Amino acid sequence: MSLTPPPEDPQEDQDQPRRGGRARKQVEKFEATSAPSIKKGKRKQVEEDDEDENMEDSDSDLTEEDDEGVAEPTPTKGKKRKSVAGGSAKKNKAVNGSAKKRGRKFITKAGGAAHGEDGVKNDSPLFSALLSPDIALQPLIDEWVETYQQAAGDEVSEQVSIHELITLFIRCCGINLDLEQAEATDEDGITDAVERIQDESVRVAVAAYPLISRGKQFNAFRKNLDYFLNSLVESLSLTPILFDDNTEKAEHINSLLSLILNWLNCMSTSPLRPIRHTSTYMLLKINSSLCDVAFTVGKDLSLKQRQKEAEIKKGGASNAAQKRVKELEEKVKEAQKRKKRLHDMFQEIFDVMFVHRVRDADPNIRCDCLRELGVWTKKYPDYYVSTSYLTYFTKGCNDPFAHARLETVKALSNLYSKESFMNSARTVTLRLVPRLIEMALRDVDLTVRVTAIHVITLIDKTGILADEDESHRDKVARLVYDQDPKVRKAVGGFIVNMWEERKEESKTEWSGARVAKKKRANKISEDEMAINLDWKSLATLLIDTSNSLDGPIEPSASSSSQQPILPISITTPLTRANAAVESICSEYELWKDWQSLVDYLLLDHSTAKQDMWLLTEDEETFMLQVLIALIQREDQDEEEEDRSKKLMQILPRLFAKHQTDVGRIGGILSMLGHINLGLYLDLRQTKAYETLWDDVTKQFLHHTDTSVLESAIKAVNHLTANASMSTSNTTKLNELQESLFASLRDEIGSDDVALLSLEEEGIAKLEAILLRVLLLEKSRDLTEVMEDEEGQSSGWDIICTFAERGRLGYKEEAKMVDYAVQIVLYHMTWVFRRFTEEDAKDDDKVTALSVKTDKAVDTFQELTLGDNTNTVDTVRRQAFIAYLTLHLLFTYQGTKDTTATPAARSCPLTIEDEIQHRLGGAFLAAVEKCASDRESHAETDNHGEVVLVPEDLSFLHLTSTLVAAIRKGVLEVEHAKEPLAHVGRLGLTYDAIVKKLVDALRDEGIYNKESETVQHVAGSALQQSFNLFLDSESQEPTAPLALAKIISTAFTIHGNHFAVLQQLHPSDVCDFHLEALDYISRRISNYVKQEIATKNREQKSRLQINRYKAISFFRILILLLGPVTPPDALKIKTHLDDAISSVGVEVTVHKGWEPYRAYEKRLISIASKDPKVKVAAKKVQQQEDTDREENEEVEATPTRGGRNRSNTISNGNGNGDRSSPLSPPPAAEEEEEEEEEEEEVVENPTTPTKSKKRPRESSPIDDNEDLDLNLDISSPPADHSIQLDDDDLELTLEGGPSQNERERSASAEPGVKRRRTVVRY
């Protein structure tokens, strides 16, 4: 039984067959009904010529111009429409003449009949089933197999079934052409049939064929296709059909699988990608299914061979025994025959298809081949795990397509997951290892790197890497410190493998050591010693790997993906120890053993050179960091109370052992943050708590390292946060503060701080003391202790004096003065915060606050702007920040300022205009220093990447403070031009900070009606930015363009869907453009003059390049034309023409003039929206049409599309005449035309919108007068002309007044004239 549609009543089979023997189908024509909701297309129907005997196909092509779907056509009497598929005739009769009429198909898309979605025919029931997501395919497969089995010996029925299957393959390729049943079974004609299909389909083949289409209708296609092919092969394997080989004993005329393979092999060589890819994919899946069959056949063969051998061993001589042996021999031969048949199929598929498609130009095909090769090696390793097949994985590892490399390493991962394959693949493995390591180290695709590391880990477990080259293992081990966490986690298994090997080596060495070397370990049990050796092995492994990173690295290995994590200090968020713990813990629960590591670290490791089980200095430091990382990780898995109790016991011992070691004590102090301090009260260990306070205080007062002090202050803050022990906290904290300031007074003695002569050692001590004060000042209020004199100078006076020493400019004291400046600022911040409303009513407190504020302001101002000072740059920058920050705190905008604090109202601070300008100059100096640092750092960078230098962080802090001062109103908005001018020059972070100034500009221009200020700031910033671009070697104005985009947001406020809510007054934007045009015309003019004056060819060429760079300024102006109105656009256009003509340069077709032409075109587009221009242009057009009909001598320009429309501007002064080629008519006609048009225009006057803010300079089209169109046709060609492209308009502005005339008369207007190109044929 076939799955083809049942034949209809053969009532139309009266046509005579064609010469070729194929049946002639009667043409059925239908007329489509109209649907109101569906767009109709124009159709061209080609009727069949029954008398044409030379045509091989009688069906004609039906083309449809409309790409959209049309309503289902309804039949019309007397007319029939013929169905076509992809331009090829549909065959409805077999060669033997039997009629197989299919149901009527309606045309739904161009070039196909009864198409499914995406234009693929769904006339195949099997193909339609593959498109259904919820269909049960197994019954259909069983039905088709049963039908084919029943067709044995019947050529016609067999042809029908095979034709149905081959049609499915063709439809899966997205091809709509039909195939004759005889062609499907003709093995000799397969090549010709495939060529015909691809030749006729090349014109209609689409890129998105079913296999790769993302359409909803194809969501289930790939899954169903895989299931169909696998189930088909599995069903056929249960019958003799799969193993038929065209012998006389075969039941079927055709060998089904050979025929299928021939078709698909031939299709896999097609140049059409849909056919080639789909057929290759199906062959690969068929081969994968055959691997399952081969594996089953192999198992059956082994079973039968064992049965046969067992029967022979019995040695029975009876006839029954001999008969059983003979039957078993026959079964073995049959199984061997089947196995050989399958191997022949494997070889055929591999030789004919795989070896070619694995090198295909399409990366998707290569991926499919490599993925399925991995499946074959896993399903049938007896055949495919050999060098001849595994060699292709080597090629896959070198594939340029990342997904192909990924499929290769995935296949290798599946292969090496079974140790039994390793011996067969050893040769290929040795060849693959170098490339796999290279992929793991430097592949651009992260997933490929991670999978390659997994493969290397599996290979390493076999011992191949250790046997060949240990350097390979070292390279992979370094990835434990990689920047990417996924890479670190992936290499965890590899590190654990190496650790296990080191463990075994250490234990073997210890067991073989002499008794004398084991004397010191007599008190340690064997179990404890085994644990200690494990930690020793891990420490040695991690230190060796870390040291290999610090050594010289090959130049080829320098890659961003390989940059190690450098441990700045033990308190940094991510050190190498953290990275190692993260990596190892992904494979091994190392954090559960942290207590045994603590016991090991508390041992005396000073005799490490004599005892192999003890740690060296570096190893001990590193393992202490590992301990800290383990404790941090263990927070998530263990109860807090148990961890805290253990830490409470070990912290005092760790403090006592490592208190003098700067590299370790910081990490130990950080452990305190993981203790629940409330347990000290619960366990009644108050004395232990006070001892802990004393240990922390001791470390804070005695160490000078910054990282240790930062860890200590964090510990102090954690202790003071313990409310249950508040009494002890207050006592210990007061003692700490008193000791700190007492050490400060003791260090300076009775000497005057301003006249103090400091040596290097004294400076270091004072730096440490001031750093401690600063860290405390940041975390808590020290106002009382700071201002307490105690019979001596107060801490406030001493620190202010240290800050004033910055004027001396001693570089050795720069850091000390920097700390002092910060302390003064933080102290003023606490004073500002403590000042209340009640204090504001007390005159004495207000006076005291004023005195402190003035002192701090004077100090900061002197360090920042002092004329007689020699302040170090770092100190000057910090003083700049402190000066503006203090003014931000104490700024007061008047009675309307409801957010002002009592301190700001009592002692308001303002900055004079002169000081503001000097601050702007100081900022520019900081900008230039930062820019030079970035340039020098970029030159020395080995990777060609600009890395942020450390000093940039303080500069960004300075910039953010300046921006905040401008936004808050401390500085005038005018000073925004300095930071804005350097947008795009100093990095993305700088741009993000400065972008906040747009809010201040928008408020100033739109809400405060100070448009002139915004115009000045925007213009100055753009000009400065463009000057920097012109002075640089860059050829693209990247920075000015970025600045223009930022400024454009200050000109207009957009709402939803880009609706304009508010914007600057158009006349202000017009003035901005006029000033910008004056600026750029001067720059271009300077280049032109220098170019004319010089005689050196190279210098001329350089000046010409600079001239074109200057012309790129028009690209920036285009972005700022948003609020410009049509009258303003005409005014800007006139000024532009005057500016360019004054430069004396010719506008050519050179690419460098493209920005100018684009700006010009944009102005014309805006001007064309003026309704007065449109009305006048329409009347001009009508008059010109009348005159043109009378003037037959006008020179015509033939064009294909009728009237030639242009939106370009032509200058007649040698800039290239791009105006209409009409000859000027007689002067008398011109005058009459002018008079007539003047009368017509006056009848319909329009008035443009007036400025609501203040009177502006009048535009060429006056606000109070009608548009006067002076049609001066006899004007000389030297005048400027404008052709506007809007609603088929072409206007020409000619005879405009000169610059002097516009200055004398504000209402002067350029004459407007329209020209039109006449078409003559």
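Only this structure's heavy atoms are used, side chains among them; waters, hydrogens and symmetry mates stay out. This is a predicted model, so every value here is computed, not measured.
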Nearest-0.5 Å distance, [atom1] of residue [X] to [atom2] of residue [Y]:
X: Gln737; Y: Thr697; atom1: CD; atom2: OG1; value: 10.5 Å
X: Tyr819; Y: Phe802; atom1: OH; atom2: CZ; value: 14.0 Å
X: Ile1047; Y: Leu1022; atom1: CD1; atom2: CG; value: 4.0 Å
X: Ile713; Y: Leu709; atom1: CD1; atom2: CG; value: 8.5 Å
X: Asp999; Y: Glu1004; atom1: CG; atom2: CD; value: 13.0 Å
X: His887; Y: Lys968; atom1: NE2; atom2: NZ; value: 14.5 Å

If you count the non-hydrogen atoms of other residues, nucleotides and ligands that lie under 6.0 Å from OH in Tyr892, is the total more than 12? yes
Flag yes if more than 12 heavy atoms outside Phe835 fall under 6.0 Å of its CZ atom; otherwise flag no. yes
Return the set of residues passing salt bridge (charged side-chain N to carboxylate O under 4.0 Å, His left out) with [X] (not counting sequence neighbours), or none when no residue passes.
X: Arg985; answer: Glu928
X: Glu747; answer: none
X: Asp839; answer: Lys845
X: Arg833; answer: none

Under the ring pair (Phe, Tyr, Trp, His ring centres under 6.0 Å) test, which residues partner [X], sequence neighbours left out?
X: Tyr990; answer: Phe955
X: Phe1029; answer: Phe1026
X: Phe832; answer: Phe890
X: His658; answer: none

Charged N-O contact under 4.0 Å between Asp873 and Arg877: no
Please determine if Lys841 and Glu837 form a salt bridge, counting it only when a charged side-chain N lies under 4.0 Å from a carboxylate O. no
For residues 767-778, which side-chain donor-acceptor pairs fall under 3.5 Å, sequence neighbours excluded?
{"from": "Arg772", "atom 1": "NE", "to": "Phe700", "atom 2": "O", "distance (Å)": "2.7"}
{"from": "Arg772", "atom 1": "NH2", "to": "Leu701", "atom 2": "O", "distance (Å)": "3.2"}
{"from": "Arg772", "atom 1": "NH2", "to": "His703", "atom 2": "O", "distance (Å)": "2.7"}

Is there side-chain contact between [X] and [Y], with at least one heavy-atom pair below 4.5 Å?
X: Met828; Y: Leu889; result: no
X: Glu978; Y: Leu962; result: no
X: Tyr826; Y: Leu782; result: no
X: Ile915; Y: Tyr883; result: yes
X: Lys855; Y: Trp796; result: yes
X: Leu677; Y: Ser724; result: no
X: Ser954; Y: Thr874; result: no
X: Glu804; Y: Glu862; result: no

Begin from the C-alpha positions of Leu766 and Ile748 and carry the test side-chain contact (heavy atoms from CB on, under 4.5 Å) through to its verdict. CA-CA 9 Å; Leu766 286 172; Ile748 61 176; 4.2 Å; yes
So, [X] and [Y]: side-chain donor and acceptor under 3.5 Å apart, yes or no?
X: Asn717; Y: Thr720; result: no
X: Asp694; Y: Tyr689; result: no
X: His702; Y: Gln659; result: no
X: Thr847; Y: Asp844; result: no

Residue pairs passing the ring-ring contact (aromatic ring centres under 6.0 Å, His included) test with at least one member in residues 957-985, sequence neighbours excluded, are His917-His975
ring-ring contact (aromatic ring centres under 6.0 Å, His included): which pairs involve residues 737-762, sequence neighbours left out? none
Can you pull out every salt bridge (Lys or Arg N to Asp or Glu O under 4.0 Å) where at least one residue sits in residues 807-826? Sequence neighbours excluded, please. Arg805-Glu813
I'd like to know if the side chain of [X] reaches the main chain of [Y], judged simply by a donor and an acceptor atom lying under 3.5 Å from each other, with no hydrogens or angles considered.
X: Arg918; Y: Leu865; result: yes
X: Asn578; Y: Thr575; result: yes
X: Asn1027; Y: Gln1023; result: yes
X: Ser850; Y: Val846; result: no
X: Gln916; Y: Ile911; result: yes
X: Ser932; Y: Lys929; result: yes
X: Ser726; Y: Asn722; result: no
X: Arg876; Y: Thr864; result: yes
X: Thr891; Y: Leu888; result: no
X: Thr829; Y: Leu825; result: yes

Start with the C-alpha distance between Leu719 and Trp693, add both sets of side-chain angles, then the distance that settles side-chain contact (heavy atoms from CB on, under 4.5 Å), and finish with yes or no. CA-CA 8 Å; Leu719 289 169; Trp693 252 110; 3.7 Å; yes
Any idea which heavy atoms bring [X] and [Y] closest together, and the distance?
X: Gln1024; Y: Ala981; result: OE1-CB, 3.5 Å
X: Ala715; Y: Val696; result: CB-CG1, 3.9 Å
X: Ala840; Y: Pro902; result: CB-CB, 4.4 Å

Step by step, work out the salt bridge (charged side-chain N to carboxylate O under 4.0 Å, His left out) result for Glu761 and Lys765. CA-CA 6 Å; Glu761 183 180 356; Lys765 291 182 179 179; 3.6 Å; yes
Before you tell me yes or no, could you show the steps for Leu884 and Leu958 under side-chain contact (heavy atoms from CB on, under 4.5 Å), namely the whole-Å CA-CA distance, both residues' side-chain angles and the distance that decides it to 0.1 Å? CA-CA 9 Å; Leu884 289 180; Leu958 183 148; over 6 Å; no
Report the C-alpha distance between Leu651 and Met671 in whole Å, list the side-chain angles of each, state the deciding distance to 0.1 Å, and finish with yes or no for side-chain contact (heavy atoms from CB on, under 4.5 Å). CA-CA 8 Å; Leu651 267 182; Met671 292 183 189; 4.0 Å; yes
